[in-house]
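First the structure, in the form of structure tokens, and then the observations on it.
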Amino acid sequence: MTMTSAARQDQPDTEAKSVLAKVQRILEAFGPDDEHLSLTEIARRTGLAKASVHRLAQELLQWGLLERRGSSYWLGMRLFEIGQRVPRQRILRDAARPYMEDLHHATNETVHLAVLDGLEVLYLEKVSGHGRVPSRVAGRMPLHCTATGKVLLAFGPQRLVDEVLASPLRRLTPYTVAAPGLLLQELARARELGYAVENEQTRAGFMSVAIPLTGTTGVVTGALSVTAPVYRAEVQQFAGLLNMVGRRIMKSVAALSQG
């Protein structure tokens with residue numbers, strides 16, 4: 001095989017990767033607070049030529065990955081459908097949801113189920129009443145200032161802590177722990193207690209308590225939390241209920257995984 005023919009064989013693969021990279025940039029142009037974007041805005045955020053964005057957007061519309069309403073583009077329901085098929089997330093969410101509802105009824109507060117995704121907390125499920133904590137399913141938050149993030153750090157591998165501490169700890173409120181030494185103290189305290197507490201570090205006026213969800217192998221698969229206004233937060237009560245519910249969730253996960 002000549003070098004020229006080899007290059008020609010490699011070319012389609014290279015082009016495919018380039019197209020996939022562009023598609024990824026288009027889909028990721030939508031931020032957590034973006035319901036829709038114009039073609040011009042997508043082109044600006046991705047750095048791609050407007051003509052290229054338009055061409056790829058037409059294919060994404062056909063596949064259902066994007067939807068179009070007037071001159072605006074929306075993320076398509078097909079993305080949601082595909083996301084529901086991720087086994088680990090689906091099993092954990094399906095197992096946790098009934099117990100999260102029980103926990104919400106017992107506390108009358110917001111309950112979150114979260115997993116680790118990179119160096120962030122990704123919220124898989126949320127149960128709350130009207131006018132509660134302004135968080136969302138599929139939302140992301142930093143590890144260092146959320147109760148769920150702190151237990152994922154405290155009971156996770158040391159390399160994860162090292163990665164988080166390698167960058168500045170961003171402040172979300174005046175109470176956010178931004179000093180590495182203080183964060184390490186909080187993580188040590190969480191390991192000692194079996195749960196983590198976050199007091200107005202993410203949002204002023206709110207406190208969260210979280211526990212790790214640990215599988216039979218001892219690996220932390222997620223975190224469960226209760227979030228309440230500071231003035232009515234009951235840390236000990238929340239921690240006790242979380243531990244009870246957490247054990248039931250992991251038994252359900254084990255049963256669903258075997259089935």
Side-chain angles (χ1 to χ4, degrees), residues 24-25 28-34 45 88-89 92 96 109-126 128 132-214 218-236 238-239 242-243 246:
Q24 178 184 2
R25 288 160 71 178
E28 291 184 348
F30 291 83
D33 298 320
D34 297 318
R45 293 188 181 188
R88 178 173 72 98
Q89 295 183 2
L92 181 58
E109 305 296 354
T110 301
V111 181
H112 291 105
L113 173 68
V115 293
L116 176 69
D117 189 25
L119 295 180
E120 295 177 308
V121 168
L122 173 65
Y123 292 104
L124 293 186
E125 190 59 280
K126 171 187 175 181
S128 67
R132 299 292 181 178
V133 183
S135 56
R136 61 169 61 86
V137 174
R140 296 172 180 272
M141 290 294 288
L143 290 169
H144 70 278
C145 61
T146 54
T148 49
K150 291 179 194 295
V151 290
L152 292 172
L153 285 172
F155 296 92
Q158 180 60 42
R159 61 171 178 76
L160 182 62
V161 178
D162 295 339
E163 287 185 58
V164 169
L165 294 180
S167 300
L169 302 178
R170 182 165 58 97
R171 287 187 182 275
L172 271 64
T173 76
Y175 303 101
T176 302
V177 171
L182 292 178
L183 177 60
L184 290 173
Q185 289 179 20
E186 288 197 354
L187 299 184
R189 182 63 172 165
R191 284 188 288 269
E192 177 185 341
L193 296 173
Y195 62 87
V197 178
E198 168 269 305
N199 191 348
E200 296 191 279
Q201 293 190 38
T202 301
R203 186 175 180 83
F206 288 90
M207 171 186 283
S208 295
V209 182
I211 61 159
L213 296 174
T214 307
V219 176
V220 175
T221 60
L224 188 70
S225 71
V226 173
T227 301
V230 172
Y231 72 89
R232 66 170 183 240
E234 299 287 347
V235 174
Q236 296 300 321
F238 293 168
L242 282 164
N243 279 312

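Atom set for the values below is all heavy atoms of this structure, side chains included, hydrogens, waters and symmetry mates excluded.
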Nearest heavy-atom approach of Val121 to Ala114 is CG1-CB, 3.3 Å
Distance col, row Ile211:CD1 vs Phe155:CZ, nearest 0.5 angstrom, shows 9.5 Å
Looking only at heavy atoms, the pair that brings Ser225 and Ala210 closest together is CB-CB, 3.7 Å
Q) Less than 4.5 Å apart, any side-chain heavy atom of Val151 and any of Val220? A) no
Checklist entry - Does a donor on one side chain and an acceptor on the other come within less than 3.5 Å for Glu198 and Tyr175? => result no
CZ (Arg171) and SG (Cys145) are apart, to the nearest 0.5 Å, by 11.0 Å
Whether the side chain of His144 engages the backbone of Arg170 through a donor-acceptor N/O pair (distance < 3.5 Å, no angle test) should be reported. yes
May I ask you to decide if Glu120's main-chain N or O and Arg140's side chain share a donor-acceptor pair within less than 3.5 Å? no
Rounding to 0.5 Å, atoms OG (Ser208) and NZ (Lys150) come to a distance of 10.5 Å
I'd like to know whether Thr173 forms a side chain to side chain contact (heavy atoms under 4.5 Å, CB included) with Thr202, so could you lay out the CA-CA distance, the side-chain angles of the two residues, the decisive distance to 0.1 Å, and finally the verdict. CA-CA 6 Å; Thr173 76; Thr202 301; 5.8 Å; no
Taking every heavy atom of Leu169 against every heavy atom of Pro180, the minimum-distance pair comes out as CD1-N, 4.1 Å
OG1 of Thr227 to CZ of Arg203, rounded to nearest 0.5 Å, is 11.5 Å
Could you check Glu186 against Arg189 for salt bridge (Lys or Arg N to Asp or Glu O under 4.0 Å), going step by step and ending with a plain yes or no?
CA-CA 5 Å; Glu186 288 197 354; Arg189 182 63 172 165; over 6 Å; no
All heavy atoms of Ala29 vs all of Arg45, minimum pair found to be O-NH1, 2.8 Å
| task | Decide yes or no for Leu152 and Val115: does some side-chain heavy atom of the first lie under 4.5 Å from some side-chain heavy atom of the second? | result | no
Item to check | Chi angles and distances behind the side chain to side chain contact (heavy atoms under 4.5 Å, CB included) call for Lys126, Thr110 | outcome: CA-CA 7 Å; Lys126 171 187 175 181; Thr110 301; 3.9 Å; yes
Taken to the nearest 0.5 Å, the spacing of Thr148 OG1 from Leu113 CG works out to 9.5 Å
Hey, does the side chain of Glu200 reach the backbone of Phe206 with a donor-acceptor pair shorter than 3.5 angstrom? no
Output for pair (Arg232 CZ, Met207 CE), nearest 0.5 Å, gives 13.0 Å
In sequence, state the C-alpha distance, the side-chain angles, and the governing distance for Leu116 and Leu143, and then conclude on side chain to side chain contact (heavy atoms under 4.5 Å, CB included).
-> CA-CA 8 Å; Leu116 176 69; Leu143 290 169; 3.8 Å; yes
Any chance you could lay out the side chain to side chain contact (heavy atoms under 4.5 Å, CB included) test for His112 and Thr146, step after step, and finish with the verdict?
CA-CA 11 Å; His112 291 105; Thr146 54; over 6 Å; no
Q. Under 3.5 Å, is there a donor-acceptor pair between the side chain of Thr176 and the main chain of Gln201?
A. yes
In terms of heavy-atom contacts, Leu213 and Gly246 come closest through CD2-CA, 3.8 Å
Smallest heavy-atom separation, Leu187 atom then Ala154 atom, equals O-CB, 3.7 Å
